[in-house]
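Protein chains get the first letters and strands the later ones, always in sequence-line order, with residue 1 at the start of each. What you see is a predicted model, and the numbers here were worked out from it, not measured in a lab.
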Number of protein chains: 2
Amino acid sequence: MSAILESFDDISKSAPEPIYQQIKSTIQQRIASGDWTAGQKLPSENELVVALDVSRMTINRALRELTQEGLIKRVHGLGSFVAEAPRHASLIELQDIALEIEQHGKRHSSQVLVLDSVAAPVEIAAQMQLPPGRPVDHLRAIHFQDEIPIQLETRYVNPVVMPEFGQQDFTRVTATAYLLQQFKPDEMEHRVSAVMPDRTLRKLLSMPDGQPCLQLNRRTWSNDQVVTCVTLTYPGDRYELGARYATDEYQLR
Amino acid sequence: MSAILESFDDISKSAPEPIYQQIKSTIQQRIASGDWTAGQKLPSENELVVALDVSRMTINRALRELTQEGLIKRVHGLGSFVAEAPRHASLIELQDIALEIEQHGKRHSSQVLVLDSVAAPVEIAAQMQLPPGRPVDHLRAIHFQDEIPIQLETRYVNPVVMPEFGQQDFTRVTATAYLLQQFKPDEMEHRVSAVMPDRTLRKLLSMPDGQPCLQLNRRTWSNDQVVTCVTLTYPGDRYELGARYATDEYQLR
DNA sequence: GTAGCATACTTGTATATACAAGTATAGCGT
DNA sequence: ACGCTATACTTGTATATACAAGTATGCTAC
């Protein structure tokens with residue numbers, strides 16, 4: 001029990017990050033690391049109050065938001081518990097494919113096909129809310145899970161916001177991981193569709209004839225500017241997007 | 001200004017629903033009805049405090065959660081504003097297809113192909129966490145947007161939880177709408193995949209040869225029981241799933 | 001005129017407190 | 001042995017209060 005509470009050592013009241021966020025991050029890390037396993041009971045709010053010397057409302061907010069994000073489950077009158085781990089890539093969160101693959105116990109590798117700067121074609125310019133022809137960084141890479149191609153990443157990046165992007169080595173760190181380090185997205189848009197691959201795409205993803213692809217298009221904003229827009233293409237037979245979460249309240253709109 | 005505040009008439013402190021939820025619902029309705037338009041400024045927290053005679057923390061919680069759900073946007077030091085309307089079906093929320101189609105100004109109709117009770121096949125039983133062979137209600141329906149087929153719905157329902165399901169007329173009200181009236185889901189799971197339609201499916205959806213389908217599988221829990229699991233199949237060329245939302249904070253896990 | 005400062009208003013976070021309501025358990029009486 | 005109750009602990013919600021920090025506006029000094 002006290003072993004669990006020791007995880008919360010580095011909560012600082014004068015940190016730039018708010019306290020409730022620090023608590024959330026700590027719990028997230030413990031769960032992600034496999035340190036806390038599914039079904040395990042978390043300390044009660046009151047235990048955390050005395051352990052962290054923080055108001056109960058602050059802890060309540062942290063745990064409530066974690067519940068909404070599906071990381072923990074709370075039962076009125078009983079306690080808080082680590083939720084079952086979702087088996088699929090999350091549609092909700094921004095996830096680094098390398099991390100995701102490794103969390104499933106497989107090996108990730110990637111190959112950069114293209115990394116250059118191009119004049120934005122009209123569709124891309126429209127997506128990025130830039131005038132057409134404006135230079136944008138362009139990346140095309142394949143990601144492998146145990147040597148099997150599982151994702152084609154086609155990404156455009158606004159060089160005004162991310163000037164160093166073109167100089168990175170994306171075989172060692174994925175573009176997603178790099179970008180997440182560099183900025184904090186404040187808005188995202190996801191679009192999911194099913195498409196048939198052309199011959200090039202089929203070859204790149206080692207796909208048999210007649211198999212569809214699942215395509216995820218994501219735009220990411222920071223300070224009301226589109227920082228990056230990316231198209232992730234998955235072989236339909238090898239991948240599934242998914243999400244599972246608690247619905248504290250849902251709505252029709 | 002006061003016209004806006006009049007929307008909050010029916011907030012009751014003794015209602016079974018919590019106050020913050022009533023506030024959320026009120027705002028959601030006003031936005032959904034088109035009453036409040038994108039970009040419009042909402043009353044400040046303090047204005048709502050005096051208007052509703054409710055603590056600021058309660059209002060703060062309502063607005064904070066609406067922000068997280070992408071319905072409104074808040075700017076520190078400036079105010080709260082109605083967010084831009086998302087253009088696509090949301091992956092996050094449970095959406096009634098009839099409503100969604102009508103919100104795009106089109107006409108919705110649907111045709112029930114099958115509505116019966118069957119012994120649960122093994123895959124369905126597994127999905128619904130029931131013993132195989134247990135009777136489950138089974139619905140198969142096509143949804144049309146302006147006479148064009150746009151979604152095939154294949155649904156299984158746990159009759160223990162929803163005993164009246166088999167007796168409904170699903171040409172007048174969709175199964176989603178009916179179920180949403182009947183219970184409050186407390187957990188959901190979504191899986192999205194790309195599949196090739198077989199001949200039957202191609203015919204039902206009036207699809208040309210060689211076109212893939214986007215398939216959304218959703219399970220819905222209430223009180224830790226699977227109430228319903230549904231597979232929604234869309235023609236790949238006529239539909240796109242999407243979501244856009246603010247990321248108050250995102251995380252890698 | 002303009003730069004800079006003061007101010008008023010906004011949201012963001014944190015606290016202490018209170019009561020309601022759900023769950024499990026120990027212990028009592030029969 | 002069985003059922004009921006009291007109790008202790010849990011989460012859920014609501015309030016009043018406080019301070020921090022961001023934004024816009026208007027005023028003042030130059």
Report yes if a side-chain nitrogen or oxygen of A/Arg74 is closer than 4.0 Å to either non-bridging phosphate oxygen (OP1 or OP2) of D/dT10; otherwise report no.
-> no

Item to complete: Ignoring backbone atoms, test whether B/Lys13 places a side-chain nitrogen or oxygen under 4.0 Å from the OP1 or OP2 oxygen of D/dT15.
Response: yes

From CZ of B/Arg64 across to P of D/dA14 the rounded distance in Å is 13 Å

Whole-Å distance, A/Asn46 CG to C/dA18 C1', equals 13 Å

Rounded to whole Å, NZ of A/Lys73 lies from P of C/dT23 at a distance of 14 Å

Looking only at C/dT10, D/dT10, D/dT13, the nucleotide nearest the B/Ser44 side chain is C/dT10

Determine whether B/Leu179 and B/Phe165 satisfy the following criterion, side-chain contact (heavy atoms from CB on, under 4.5 Å), listing intermediate values before the conclusion. CA-CA 8 Å; B/Leu179 289 168; B/Phe165 184 81; 4.0 Å; yes

Taking only the side-chain nitrogens and oxygens of B/Thr58, find out if one of them lies under 4.0 Å from OP1 or OP2 of D/dT15. yes

To the nearest 0.5 Å, atom CZ of B/Phe81 lies from atom NZ of B/Lys41 at 5.5 Å

Minimal heavy-atom distance between B/Gln127 and B/Arg219, with the atoms involved, is O-NH1, 2.5 Å

Applying the Watson-Crick and G-U criteria (both distances under 3.5 angstrom) with [ ] for crossing and | for other-strand pairs, one obtains for DNA chain D ||||||||||||||||||||||||||||||

(Q) Tell me whether A/Glu17 is salt-bridged to A/Lys24, with the criterion being a basic N under 4.0 Å from an acidic carboxylate O. (A) no

Sorted by chain and residue number, the side chain to side chain contact (heavy atoms under 4.5 Å, CB included) partners of A/Thr37 (sequence neighbours excluded) come out as A/Gln40

Here the distance between atom P of D/dT25 and atom CG of B/Leu78, to the nearest Å, is 9 Å

From CD1 of B/Ile19 across to P of D/dG12 the rounded distance in Å is 17 Å

(request) Tell me whether the OP1 or OP2 atom of D/dT10 has a side-chain N or O from A/Ser80 closer than 4.0 Å. (result) no

Whole-Å distance, B/Arg56 CZ to D/dT15 P, equals 14 Å

Point to revise | Contact under 4.0 Å: A/Tyr20 side-chain N or O vs C/dT13 OP1/OP2 | key: yes

Atom CD of A/Glu65 and atom P of C/dA14 are separated, to the nearest Å, by 11 Å

